[in-house]
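Per chain, numbering begins at 1; letters A, B, ... match sequence-line order. Keep in mind it's a predicted model, so treat the numbers as computed, not measured.
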Amino acid sequence: MKRYDPKTVEPKWRAAWAAADVFRADDASRKPKYYILEMFPYPSGSLHVGHARNYAMGDVVARYKRAKGFEVLHPMGWDAFGLPAENAAAERGVDPAAWTRDNIDKMRAELQRLGVSLDWSREFATCDPEYYGAQQALFLKLLKRGLVYRREGLVNWDPVDMTVLANEQVIDGRGWRSDAPVERRKLNQWFMRITDYADALLDGLDTLERWPDKVRVMQRNWIGRSQGLRLTFAFDPANAPTEGSAGLEVYTTRPDTLFGASFLAVAPDHPLTEQLAAGNPAVSDFVAACRKGGTSEAEIESAEKLGFDTGLRVVHPFEPDKTLPVWVANFVLMDYGTGAIFGCPAHDQRDLDFARKYSLPVLPVVLPAGEDASSFHVKQEAYVGPGKICRSGFLDGLEIEAAKRAAVERIEAAGAGVGATVYRLRDWGVSRQRGWGCPIPVIHCAACGAQPVPEGDLPVRLPEGMDFSQPGNALARHPTWRHVACPSCGAEASRDTDTLDTFVDSSWYFMRYAAPHAEEAIDRTAVDAWMPVDQYIGGIEHAVLHLLYARFMTRALSDEGLVTAKEPFAGLFTQGMVTHETYRRQTGEWLTPDEVVLRSEGATRQAVMAETGEPVVIGEPVKMSKSKRNVVAPADIADTWGVDSARLFVLSDSPPERDVQWTMAGAEGAWRLISRVWQEFETVPPADASFARGEAADALRRVTHRTVKAVGEAIEGFRFNSGVARLYEFVAALKACPRGPQTDGARREGLSAIARLIAPYAPHLAEECWSLLGEQGLVATAPWPQWDAVWVEDDEKTLPVQINGKRRGEVRAPAGASAEFVEQLVRGDAEIARRLDGLTVQKVIVVPDRIVNLVAS
RNA sequence: GGGGACGUGGCGGAAUCGGUAGACGCACCGGACUUAAAAUCCGUUGGCCGCAAGGCCGUGAGGGUUCGAGUCCCUCCGUCCCCACCA
């Protein structure tokens with residue numbers, strides 16, 4: 001028997017797809033559109049198995065939808081700006097642009113080899129001047145709209161690499177590369193006003209029904225809307241700051257506990273603190289001490305509350321005779337609320353810790369049910385549960401929510417404050433002091449200030465020959481690039497030398513695919529024809545940042561009139577990672593999978609080094625990483641079993657949202673399925689074979705139609721693994737079916753179905769099978785097989801019969817048989833009667849076509 | 001500290017609406033083919049008792065709702081993820 005040879009078959013069909021240009025999306029098509037997109041990769045230079053799984057999933061959906069009659073847009077591009085290119089430039093002296101291009105070429109070839117059905121005519125990289133020029137135009141539109149602004153902002157500064165770091169590059173307070181403690185510096189930065197969209201982004205989550213709840217919850221928490229009160233405490237004239245400011249504004253979500261207030265606290269970087277520090281070294285020393293604290297989880301967990309009594313006092317808004325001390329406290333954050341709080345120790349754990357340390361009063365004002373106001377005390381644990389307000393004048397006896405409303409009303413009436421919504425979300429700082437990024441299209445003029453680059457001068461291109469050999473911003477260091485005339489007055493001026501956060505690049509790329517080379521950044525007609533993305537697929541690690549920025553950008557550009565869609569991604573799927581076991585020598589040194597030979601001794605698995613036979617310790621499967629050397633390249637897998645096996649395996653062993661463990665044995669299993677399918681095509685019944693009735697033929701037709709239905713439903717529901725399981729069963733049924741004129745029609749139908757059903761998973765094999773059937777054209781353009789209810793539904797059903805919930809037998813009844821009919825059958829069944837011996841049937845539950853339960857005693 | 005998810009054989013997992021738990025794959029074991037091995041093919045495999053027929057137990061633990069619970073509710077245990085001195 002001949003063997004299936006992927007090495008010759010696979011390239012042949014990829015060439016056939018390319019020649020027929022079958023994956024090009026037609027903008028003018030009258031079919032319903034379907035836009036499927038996987039998150040575009042950073043061109044690191046090599047495709048790993050995780051990428052392969054991601055794109056294989058998207059490809060299953062793309063090929064399935066195409067077969068279902070949709071005009072499918074399935075594009076690919078490159079998230080090509082970012083630090084790795086600068087690091088390569090610094091370490092090897094290469095040009096980051098050339099390095100990136102080279103990587104893109106390598107990865108494109110690998111991706112093409114996977115047989116992913118992509119429309120390559122729309123490919124672009126974010127480092128193309130055409131793309132980032134368009135992005136600059138969008139930036140200027142948003143600037144004009146007031147959604148981009150410039151202010152001084154705090155940044156994470158790495159003193160060793162001399163660069164600003166993104167929050168995610170700061171790990172436990174240290175730079176991710178330098179490991180140096182990160183400093184907070186103030187720099188002039190461009191910001192996007194994402195907070196203007198906080199409500200829209202929050203409310204919009206409710207419309208995203210095809211997003212995982214997990215991601216929606218994470219975004220909701222990230223935006224962090226809270227309802228509360230902004231309230232100004234007036235200073236006690238006897239103890240006011242020298243400048244005589246009127247009061248101190250705090251934010252609270254618990255105005256109901258105002259009568260329990262025992263102090264106010266401001267952040268170490270609050271303007272009041274800074275004012276006091278200027279005249280008092282004790283204050284500035286305290287502020288310096290606060291800055292020392294680490295930001296790691298353990299450090300925050302155990303961090304001591306630190307406070308400094310300023311000596312200032314404020315008047316309680318409800319009790320004019322009472323004054324409260326104002327402290328500086330290390331646990332108050334400047335960038336949330338107003339940077340100042342009132343402390344109610346009885347009902348907030350942090351306030352309580354602080355009050356205990358500095359001997360401040362603890363006044364419970366919320367009484368849990370069943371407690372007595374005179375005997376209820378708070379010791380080391382603050383009471384945060386429900387209850388009735390007490391010791392609080394006009395609030396006494398109210399429940400918490402009612403008391404909040406009453407307190408806000410009273411404060412508003414007195415003009416001391418206003419009910420307010422506060423968000424955890426901050427504006428998005430987009431300036432990066434990096435050379436390999438999209439230049440910010442602004443010119444700074446001493447006389448005219450920050451001037452947008454005139455649209456006709458776009459793109460503002462990166463210069464050739466930047467010097468990356470030193471740490472810091474290579475663009476700022478370029479000898480000539482920044483010098484330019486002011487577009488307004490013509491005087492000597494200077495370009496902004498920052499580049500945009502790469503998250504800006506990825507916040508709108510999915511719209512650019514609609515018309516990747518349009519003059520306008522966004523060609524509205526083209527974009528509206530394709531947007532929103534019907535199905536987006538990517539890693540859960542982008543649950544907040546990328547997915548939130550993309551939602552913001554889509555809304556902002558929609559309000560600008562560039563696109564109709566308000567939300568970019570109608571459906572989102574977050575796929576799991578590919579893991580692999582780890583292997584270590586006794587000495588602890590990591591080994592790659594090819595350096596190891598696995599053996600089974602009965603039920604136990606053992607590993608030894610391939611060369612020396614030295615025993616190897618097998619470790620748990622973990623995410624593939626270079627440091628643990630457990631990386632398997634898709635190319636290696638493809639060399640051994642062909643890319644179809646690799647695709648099939650990464651989709652078959654685990655549900656797609658979960659991690660899948662790569663194993664040789666699993667890949668072999670996928671290969672076995674492929675060979676078995678192919679072997680079924682060794683003899684193919686003629687196209688004009690007629691259907692004959694018969695037990696074997698009918699049985700096969702039932703399996704065929706049921707499998708068509710099940711595989712389609714599995715793909716629609718992102719249960720690719722279940723779909724593969726049905727294919728295994730199907731090929732077994734084909735194999736078991738006797739051959740001959742009696743079954744030719746049924747076999748032909750089955751073979752035609754399996755070729756098309758397996759096409760999304762193993763497209764090369766499917767084309768080969770399709771051609772063996774003698775079909776004209778490609779399976780890639782063939783319609784999805786239809787199933788017929790006649791063959792899917794059984795004429796006769798087997799109903800399990802339970803007695804008191806335990807299975808005790810079964811009866812066969814025609815489909816749709818009435819409850820009465822089934823009950824008669826059960827009562828006439830000898831086996832059931834035997835089981836019921838000595839029991840009296842109290843009740844009979846018949847669920848038609850499903851189950852019978854007899855309640856007996 | 002806050003939020004969320006998950007827990008099913010030796011392993012990955014299936015059971016989509018509350019209706020036969022363990023589909024399918026891996027591994028193991030047995031068999032066929034082979035001088036032999038690999039590959040391939042066929043078959044067994046949740047646990048316990050039993051020669052068998054069959055019986056009992058069984059979806060992290062305990063309770064509840066229901067004729068019926070892996071699935072719904074409550075409590076607990078464990079694992080993982082996200083956020084975090086967010087007022």
Side-chain angles (χ1 to χ4, degrees), chain A residues 1 3 212-222 224 226 228-229 250-254 257 265 267 293 295 297 299-301 303-305 329-333 335-344 347-351 353-354 384 422-426 540-541 543-544 600-605 621 649 652-655 657-661 663-670 672-673 675-676 679 710 713-714 716-717 719 721-729 732 735 798-810 842-847 849-856:
Chain A
M1 192 179 286
R3 266 170 75 96
D213 285 341
K214 182 186 172 72
V215 175
R216 290 197 282 176
V217 167
M218 281 166 69
Q219 291 211 353
R220 204 166 282 133
N221 292 341
W222 185 267
S226 75
L229 172 70
V250 304
Y251 173 73
T252 180
T253 56
R254 293 299 301 272
T257 64
T295 54
E297 186 181 331
E299 284 169 312
I300 286 170
E301 203 65 46
E304 185 98 7
K305 298 281 178 287
N330 65 339
F331 68 93
V332 180
L333 305 175
D335 40 11
Y336 183 78
T338 62
I341 61 159
F342 81 78
C344 177
H347 305 294
D348 182 289
Q349 191 61 47
R350 293 156 305 168
D351 297 350
D353 295 344
F354 190 77
V384 294
V422 164
Y423 303 90
R424 187 185 165 280
L425 183 70
R426 322 269 159 73
I540 186 74
E541 66 274 18
V544 178
S600 292
E601 300 274 331
T604 57
R605 292 174 67 242
F649 175 64
S652 67
D653 234 31
S654 283
E657 68 278 12
R658 238 181 273 181
D659 291 352
V660 64
Q661 185 194 346
T663 61
M664 284 299 189
E668 281 178 39
R672 272 195 285 273
L673 175 63
S675 339
R676 272 182 230 168
Q679 274 160 25
E713 287 172 355
E716 300 254 8
R719 293 186 307 274
N721 53 326
S722 297
V724 176
R726 297 287 87 76
L727 293 172
Y728 272 101
E729 290 172 328
K735 187 163 188 173
T798 302
L799 282 73
V801 180
Q802 299 180 330
I803 297 173
N804 293 330
K806 287 188 190 294
R807 188 175 189 280
R808 286 295 181 247
E810 58 185 42
Q842 311 287 332
K843 195 174 173 187
V844 179
I845 292 120
V846 178
V847 183
D849 292 346
R850 297 215 80 139
I851 200 166
V852 181
N853 193 7
L854 304 175
V855 186

Expressed in whole Å, how much space separates the [atom1] atoms belonging to [N] and [M]?
N: B/U75; M: B/G4; atom1: P; answer: 13 Å
N: B/C49; M: B/G64; atom1: C1'; answer: 32 Å
N: B/G31; M: B/A36; atom1: P; answer: 14 Å

*asked:* Using a 3.5 Å limit on both distances, find every run of at least three consecutive Watson-Crick or G-U pairs that involves RNA chain B.
replied: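 Consecutive-pair runs (3 or more) involving RNA chain B: B:1-7 with B:77-83, B:10-12 with B:24-26, B:29-32 with B:40-43, B:46-49 with B:54-57, B:60-64 with B:72-76.
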
Using atom names, set out every protein N or O paired with an N or O of nucleotides 13-16 of chain B below 3.5 Å, distance rounded to 0.1 Å.
residue, atom, partner, partner atom, Å
B/A14, OP1, A/Asn721, ND2, 3.4
B/U16, N3, A/Arg719, NH2, 2.3
B/U16, O4, A/Arg719, NH2, 2.7

Protein-nucleic acid N or O pairs under 3.5 Å, nucleotides 38-45 of chain B:
residue, atom, partner, partner atom, Å
B/C41, OP1, A/Arg676, NE, 3.1

_Considering every strand and a 4.0 Å limit on heavy-atom distances, what is the contact class for A/Gly224: base, sugar-phosphate, or nothing?_
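The answer is nothing, as A/Gly224 stays clear of every strand by at least 4.0 Å.
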
_Counting distance alone, no hydrogens or angles: does the base of B/C86 have a donor or acceptor under 3.5 Å from a partner atom on the side chain of A/Arg350?_
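By the distance-only test, no, there is no pair.
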
*Side-chain donor/acceptor of A/Lys214 to base of B/C82, under 3.5 Å*: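 Under the 3.5 Å cut-off, the side chain and the base do not form any donor-acceptor pair.
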
*A/Glu716: what forms a salt bridge (Lys or Arg N to Asp or Glu O under 4.0 Å) with it, not counting sequence neighbours?*
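A/Glu716: salt bridge (Lys or Arg N to Asp or Glu O under 4.0 Å) contacts with A/Lys65.
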
*Identify, with sequence neighbours excluded, every residue that meets side-chain contact (heavy atoms from CB on, under 4.5 Å) alongside A/Gln802.*
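Residues passing side-chain contact (heavy atoms from CB on, under 4.5 Å) with A/Gln802: A/Ile851, A/Asn853.
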
Check the interface with nucleotides 62-68 of chain B: list each N/O to N/O pair with the protein under 3.5 Å, or write none.
residue, atom, partner, partner atom, Å
B/C67, O2', A/Asn853, ND2, 3.1
B/C67, O2, A/Asn853, ND2, 2.7

